[in-house]
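The next block holds one structure in the form of structure tokens; read it before the comments.
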Amino acid sequence: MPTTFPFTTLLDHPTKNRCAVAPRDLQPGSIVSLTSPFVSSLHRSQKSRRCSRCFLPFTSPTSKRLKCTGCPPNGSTYYCSRTCQISDFITHRYECKKRGTKSLQAAVNTFVLTHGEDGTNFPLDDYWLLRKTYYMAVFQVKSDAGNMKGLVPDLPTKLSKLSEHHIPSDVVLAESVTQSVIALEKGKVEEEDVSNLQKFFVNLLAKFRANNFGILSDLQNVIGGGVYETGAILNHSCSPNCVLVYERLEEGEEMLQKIVVIEEVKEGEELFHSYVELCQPTSERREHLNESYGFMCNCERCISEGTDNLDSKYSEILKSEYPNVKSIIEDSLASAEELMYSEDESGGTERKEYELILKALILQREYLGELHLSRYKSEALALSHSMLLASVPDAIEHCENVCEFLTRCLPQFHPLLVLQRMTLGELVQEGTKRDEEAVEIFKDVLPKLRLLYGEEHEYVGRVEDNLKFLQQT
Ligand SMILES: C[S@@+](CC[C@H](N)C(=O)[O-])C[C@H]1O[C@@H](n2cnc3c(N)ncnc32)[C@H](O)[C@@H]1O
């Protein structure tokens with residue numbers, strides 16, 4: 001286990017309430033917390049790809065996996081080991097087929113009908129997590145010692161400490177979650193308990209709004225959701241001094257959340273991570289924070305950027321022409337997307353897709369500011385396509401542009417930037433004779449990867465091997 005320097009919690013900030021502060025002077029790479037969640041749940045899109053308990057990826061279709069025999073075939077749950085299956089059973093038995101397939105399906109169907117499969121208001125994945133938390137709280141109270149495997153001692157007290165963000169429409173949402181529990185419990189919920197149950201869900205939803213974490217894979221994709229007690233103490237900043245990395249420690253355990261300091265912090269200074277996508281323009285970040293967490297961000301970056309540096313910035317001369325150009329850009333990107341998701345299984349459309357993306361990108365480069373978000377998105381899309389087409393020189397150009405964009409929006413230790421630079425190093429190594437440049441990139445990236453992911457991580461080994469190879473030749 002790595003050494004941690006647990007942060008101090010201050011309780012009395014006039015507007016933010018609890019704050020986490022550095023217990024001593026900290027260097028980049030210091031870990032201030034490494035904790036497991038109260039509750040976590042794998043997203044449906046990952047169900048067949050990862051263990052439902054510890055989130056270990058199944059690297060190939062033939063990887064060893066245990067299937068829950070109780071789940072319906074279209075919603076199977078898989079585990080990497082018996083230990084994981086047993087640890088998960090305490091709550092999972094309420095979700096799988098063994099306990100009332102019809103009532104569970106009916107409950108989920110009603111939820112989907114009312115709120116949509118991926119309702120922007122409350123996606124189905126969050127619904128599962130919410131219900132799982134409910135069952136854990138119920139069991140925790142029921143179990144005498146409160147330390148049965150898979151349960152969290154003192155869960156209700158811990159939940160009560162979390163801050164809340166109430167949204168009026170959550171009352172309706174709580175109503176439908178309550179109905180789904182009533183249906184599932186088949187008459188076990190007494191009439192007089194219904195309104196308490198509904199209140200419980202209204203409060204739990206308000207806590208979820210303010211405290212839920214998207215659990216990220218090493219490649220920074222969201223693969224699940226969870227509630228972490230320690231992480232929930234950190235406030236937000238758009239120029240954060242900490243990032244969150246998720247780690248699997250051992251079988252049977254849920255994903256740990258590691259809070260890593262990414263710049264020098266003095267003793268007593270507040271620690272922040274970012275609640276939102278940092279590449280968004282200031283106005284969008286602030287709007288998102290206000291809607292989702294109920295505060296207006298006044299961090300250093302928001303104040304210094306003023307109205308915006310990333311918003312649409314066109315050259316003044318070209319501004320009047322932009323409306324026409326915009327439709328060409330949008331049409332090209334829409335056609336590329338249509339091809340990507342077309343039914344045509346024969347493939348072979350990648351070149352055409354790349355050309356359409358490039359057509360949009362060339363116009364975006366001409367008309368939009370360097371830090372325009374949609375220009376960056378096209379650049380990233382063009383990068384993945386050129387890699388798919390094995391067109392290394394194109395890939396290098398797009399990757400350099402993406403790195404340039406990320407360098408200007410993200411702290412230099414941010415995993416997204418570090419991983420993108422690692423890709424750039426590998427492309428330069430593969431596709432050019434610029435070995436010295438590749439070495440420089442790897443030398444810059446390696447210590448950052450070690451601090452973020454740990455010495456033993458496969459990315460660290462990969463970059464070390466690349467460096468060794470380049471330095472020998
Ligand atoms: C995950 S909690 C953070 C800890 C919180 N301060 C507490 O006492 O539990 C999220 C809530 O903290 C508050 N918060 C976080 N960052 C903030 C900021 N930069 N400015 C104002 N309020 C903030 C908001 O109320 C938000 O909904």
Side-chain angles (χ1 to χ4, degrees), residues 6-23 32-40 121-122 126 129-130 133 152 154-170 173 202-216 222 224-246 256-263 265 268-278 280-306 410-411:
F7 58 75
T8 314
T9 305
L10 299 185
L11 297 169
D12 50 1
H13 190 279
T15 51
K16 294 190 273 189
N17 197 12
R18 296 186 298 174
C19 300
V21 298
V32 288
S33 159
L34 184 67
T35 48
S36 42
F38 295 154
V39 55
S40 68
N121 192 21
F122 206 75
D126 291 346
L129 188 62
L130 185 76
T133 314
V152 180
D154 223 7
L155 180 65
T157 316
K158 286 181 173 164
L159 283 174
S160 72
K161 289 195 186 143
L162 298 178
S163 58
E164 295 176 357
H165 176 49
H166 285 267
I167 294 178
S169 59
D170 278 353
L173 195 55
V202 167
N203 284 331
L204 200 52
L205 273 164
K207 289 178 192 300
F208 264 53
R209 297 288 184 194
N211 297 286
N212 251 11
F213 290 93
I215 298 178
L216 304 175
V222 182
V227 190
Y228 292 81
E229 181 187 10
T230 318
I233 299 171
L234 260 69
N235 289 312
H236 161 89
S237 166
C238 300
S239 45
N241 49 22
C242 292
V243 289
L244 309 178
V245 181
Y246 293 86
L256 297 179
Q257 183 186 65
K258 184 165 85 174
I259 306 179
V260 188
V261 173
I262 53 169
E263 60 182 48
V265 183
E269 280 179 2
E270 185 169 359
L271 299 168
F272 300 100
H273 75 97
S274 171
Y275 295 3
V276 291
E277 168 60 74
L278 286 172
Q280 295 176 93
T282 307
S283 55
E284 282 174 31
R285 291 195 314 272
R286 291 183 111 192
E287 198 181 311
H288 184 161
L289 288 163
N290 196 17
E291 273 176 17
S292 305
Y293 297 91
F295 68 91
M296 187 49 78
C297 188
N298 283 315
C299 73
E300 252 172 55
R301 180 172 164 197
C302 284
I303 300 301
S304 69
E305 280 178 4
L410 299 179

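Because the structure is predicted, anything quoted here is derived from the model rather than measured. Read the numbers this way: they start at 1 and go in the same order the structure lists the ligands and their atoms.
Of the possible polar contacts, one joining the Asn241 side chain to the Phe272 backbone as a donor-acceptor pair under 3.5 Å is found.
When only interatomic distances are considered, the shortest N/O to N/O separation between His236 and ligand 1 falls below 3.5 Å.
Using a cut-off of 4.0 Å between Lys/Arg side-chain N and Asp/Glu carboxylate O, Asp12 and Arg18 are scored as not salt-bridged.
Near Leu234, the atoms of ligand 1 lying under 4.0 angstrom from a non-hydrogen atom of the residue are 3 (C). The ligand atoms of ligand 1 that sit less than 4.0 angstrom from a heavy atom of Ala232 are 1 (C), 2 (S), 3 (C), 4 (C). Set against the non-hydrogen atoms of Asn17, the atoms of ligand 1 under 4.0 Å away are 8 (O). For ligand 1 and Asn211, the ligand atoms under 4.0 Å from any heavy atom of the residue are 1 (C), 2 (S).
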From CA spacing to verdict: side chain to side chain donor-acceptor pair (under 3.5 Å), Tyr246, Gln257:
CA-CA 5 Å; Tyr246 293 86; Gln257 183 186 65; 2.9 Å; yes
List the steps, then state whether salt bridge (Lys or Arg N to Asp or Glu O under 4.0 Å) holds for Lys16 with Glu270.
CA-CA 12 Å; Lys16 294 190 273 189; Glu270 185 169 359; 2.9 Å; yes
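With respect to atom 11 (C) of ligand 1, the closest heavy atom belonging to the protein is Ser163 OG, 3.7 Å. The single protein non-hydrogen atom nearest to atom 8 (O) of ligand 1 is Arg18 N, 2.8 Å, given as residue, atom name and distance. Atom 27 (O) of ligand 1 has Tyr293 O, 2.9 Å as its closest protein atom, hydrogens excluded (heavy atom only). At the shortest separation from atom 6 (N) of ligand 1 among protein heavy atoms lies Lys16 O, 2.5 Å. Residue, atom and distance of the protein heavy atom nearest to atom 15 (C) of ligand 1 are Asn235 OD1, 3.0 Å. In terms of protein heavy atoms, atom 24 (C) of ligand 1 is closest to Phe295 CD2, 3.6 Å.
For the pair Ile167 and His165, the minimum side-chain heavy-atom distance is below 4.5 Å. Phe38 places none of its side-chain heavy atoms less than 4.5 Å from the side chain of Thr133. Considering only heavy atoms from C-beta on, His288 comes within 4.5 Å of Gln280 through its side chain.
Of the heavy atoms in Tyr275, only side-chain atoms (C-beta onward) come closer than 4.0 Å to ligand 1. Under 4.0 Å from ligand 1, not a single heavy atom of Thr15 appears. Using a 4.0 Å cut-off between heavy atoms, Leu162 makes no contact with ligand 1 at all.
Closest approach of Ser33 to Phe7, counting heavy atoms only: CB-CE2, 4.3 Å.
Ring orientation note: the planes of Phe295 and Tyr275 are nearly perpendicular, at an angle over 60° on the 30°/60° scale.
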